[in-house]
Amino acid sequence: METFTGLRMVRERGGSGPGGGRPGCLPLAEQVLLVAVYHRTNLTMRQLAPLFGCSPATVCRVIQRLRLLLALEPAPRPVPGVDRLWIVDGTLTPVRNRKVAASSRTYRFSASVQVIVAADPRLVVASARPAPGDKADTHVWRESDLPAVAARTTMIADGAYLGTGLIVPHRRRAGRPLLRGQEGDNAEHRRVRARVEHAFARMKTWKILRDCRLKGDGIHHAMLGIARLHALASVG
């Protein structure tokens with residue numbers, strides 16, 4: 001359980017330390033499990049309360065307090081002389097909070113969340129704050145803090161990031177077919193870039209990313225928390 005829920009990490013970050021007000025009615029292990037269940041199932045707080053023998057207000061307080069402690073830590077600075085291959089891409093996440101969402105190409109109010117995934121070990125290393133779902137990927141990239149995180153690394157992306165300085169596929173122009181070498185480059189590019197799609201697919205098994213009801217920075221913290229829980233489950 002400690003590996004799956006991140007209990008050890010929450011303890012190290014001070015989750016079991018003293019806090020204001022009266023003591024909580026749930027031990028720390030159950031609080032961390034509650035947050036993990038909330039992210040996995042996307043049950044409402046009224047539905048979770050009887051499962052853990054507490055009130056909906058307690059469920060809300062636990063989620064608000066622990067979601068920051070479970071969040072993915074900032075990516076470490078690249079070590080000089082060490083080659084890294086990172087992949088960036090964005091995904092649309094349905095969000096009910098209209099302040100961070102917009103009607104997107106999926107005809108739903110969504111937020112665009114961009115993440116960086118390491119080619120090896122195929123884990124999320126950074127996630128940008130969500131942007132309205134009608135924004136182009138290049139605009140979201142430039143307005144986020146991801147370019148600073150990815151400095152001094154080799155970054156690849158799909159064709160939507162043309163003009164950003166990232167490594168993108170060769171484009172076929174009218175009347176000018178791709179050369180054989182360029183077609184081979186694009187095939188290898190697709191093979192490597194597929195890893196970010198696999199990461200999205202695994203992360204979206206956590207149902208909160210299919211219909212997020214959280215307000216404010218809730219979707220951002222949920223994405224960071226799920227990235228951390230996925231990493232713990234993958235590598236311990």
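Bear in mind the structure is a predicted one, so any value in this text is a computation, not a measurement.
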Hey, is Arg195 close enough to Asp120 for a salt bridge, meaning N to O under 4.0 Å?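 Salt bridge: no.
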If you measure from the Lys or Arg side-chain nitrogens to the Asp or Glu carboxylate oxygens, is any gap between Arg180 and Glu183 under 4.0 Å?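 Looking at Glu183 together with Arg180, the answer is no, because their closest N to O distance does not fall below 4.0 Å.
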Of the non-hydrogen atoms in [X] and [Y], which two are nearest, and what is the gap between them?
X	Y	answer
Ala101	Ala111	CB-N, 4.4 Å
Pro132	Ala102	CB-CB, 3.8 Å
Leu48	Val37	CD2-CG1, 3.8 Å
Pro94	Arg210	CG-O, 3.2 Å
Ser112	Val140	OG-CG2, 4.2 Å
Leu146	Ala126	CD2-CB, 3.9 Å

Report the distance from atom [atom1] of [X] to atom [atom2] of [Y], rounding to the nearest 0.5 Å.
X	Y	atom1	atom2	answer
Gln31	Cys54	CD	SG	9.0 Å
Arg129	Ser144	CZ	OG	11.5 Å
Asn97	Leu214	CG	CG	9.5 Å
His221	Ile63	NE2	CD1	13.5 Å
Ile167	Asp158	CD1	CG	13.5 Å
Leu166	Thr138	CG	OG1	10.5 Å

Check the side chains of Arg40 and Thr205 for a donor-acceptor pair under 3.5 angstrom, ignoring hydrogens and angles.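 Note: Thr205 and Arg40 side chains meet the donor-acceptor criterion.
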Using a distance-only test with no angle check, is there a side-chain donor-acceptor pair under 3.5 angstrom linking Lys204 and Thr91?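 Their side chains do contain a donor-acceptor pair, which is all the 3.5 Å distance test asks for.
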Closer than 3.5 angstrom, by distance alone: can the side chain of [X] be matched with the main-chain N or O of [Y] as a donor-acceptor pair?
X	Y	value
Gln47	Thr44	yes
Arg213	Asn42	yes
His189	Ala157	yes
Asp137	Ala160	no

Report the C-alpha separation of Trp141 and Lys135 in whole Å, then their side-chain angles, then the decisive distance to 0.1 Å, and conclude whether the side chain to side chain contact (heavy atoms under 4.5 Å, CB included) test is met. CA-CA 10 Å; Trp141 166 261; Lys135 275 195 171 185; over 6 Å; no
Evaluation steps, side chain to side chain contact (heavy atoms under 4.5 Å, CB included), between Arg84 and Thr154: CA-CA 6 Å; Arg84 286 187 176 183; Thr154 303; over 6 Å; no
If you group Ile, Leu, Val, Met, Phe, Trp and Tyr by side-chain heavy-atom gaps below 4.5 Å, do [X] and [Y] land in one group?
X	Y	result
Leu92	Ile219	no
Val95	Phe200	yes
Leu178	Leu162	no

Against the six-membered ring of Phe109, is Arg96 placed for a cation-pi contact (under 6.0 Å from the centre, within 45° of the normal)?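 No, Arg96 and Phe109 do not form such a contact.
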Report, as yes or no, whether the 6.0 Å neighbourhood of atom CZ on Arg142 holds more than 12 heavy atoms from other residues, nucleotides or ligands.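 Atom CZ in Arg142 is packed in, count exceeds 12.
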Within a reach of under 6.0 Å around CZ of Arg171, are more than 12 heavy atoms found that belong to other residues, nucleotides or ligands?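 No, the 6.0 Å shell around CZ holds no more than 12 heavy atoms from other groups.
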Does the pair Trp86 and Val117 meet the rule for a side chain to side chain contact (heavy atoms under 4.5 Å, CB included), with working shown? CA-CA 6 Å; Trp86 285 356; Val117 174; over 6 Å; no
Asp89: side-chain hydrogen bond (donor to acceptor under 3.5 Å, both in side chains) partners, not counting sequence neighbours: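 So Asp89 forms a side-chain hydrogen bond (donor to acceptor under 3.5 Å, both in side chains) with Arg193.
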[Y] side chain reached by [X] side chain, heavy atoms, under 4.5 Å:
X	Y	value
Trp206	Leu229	yes
His220	Leu224	yes
Val88	Val196	no
Ser110	Thr93	no
Val124	Ile116	no

Worked verdict on Leu43 versus Tyr38 for side chain to side chain contact (heavy atoms under 4.5 Å, CB included): CA-CA 6 Å; Leu43 293 174; Tyr38 177 65; 5.7 Å; no
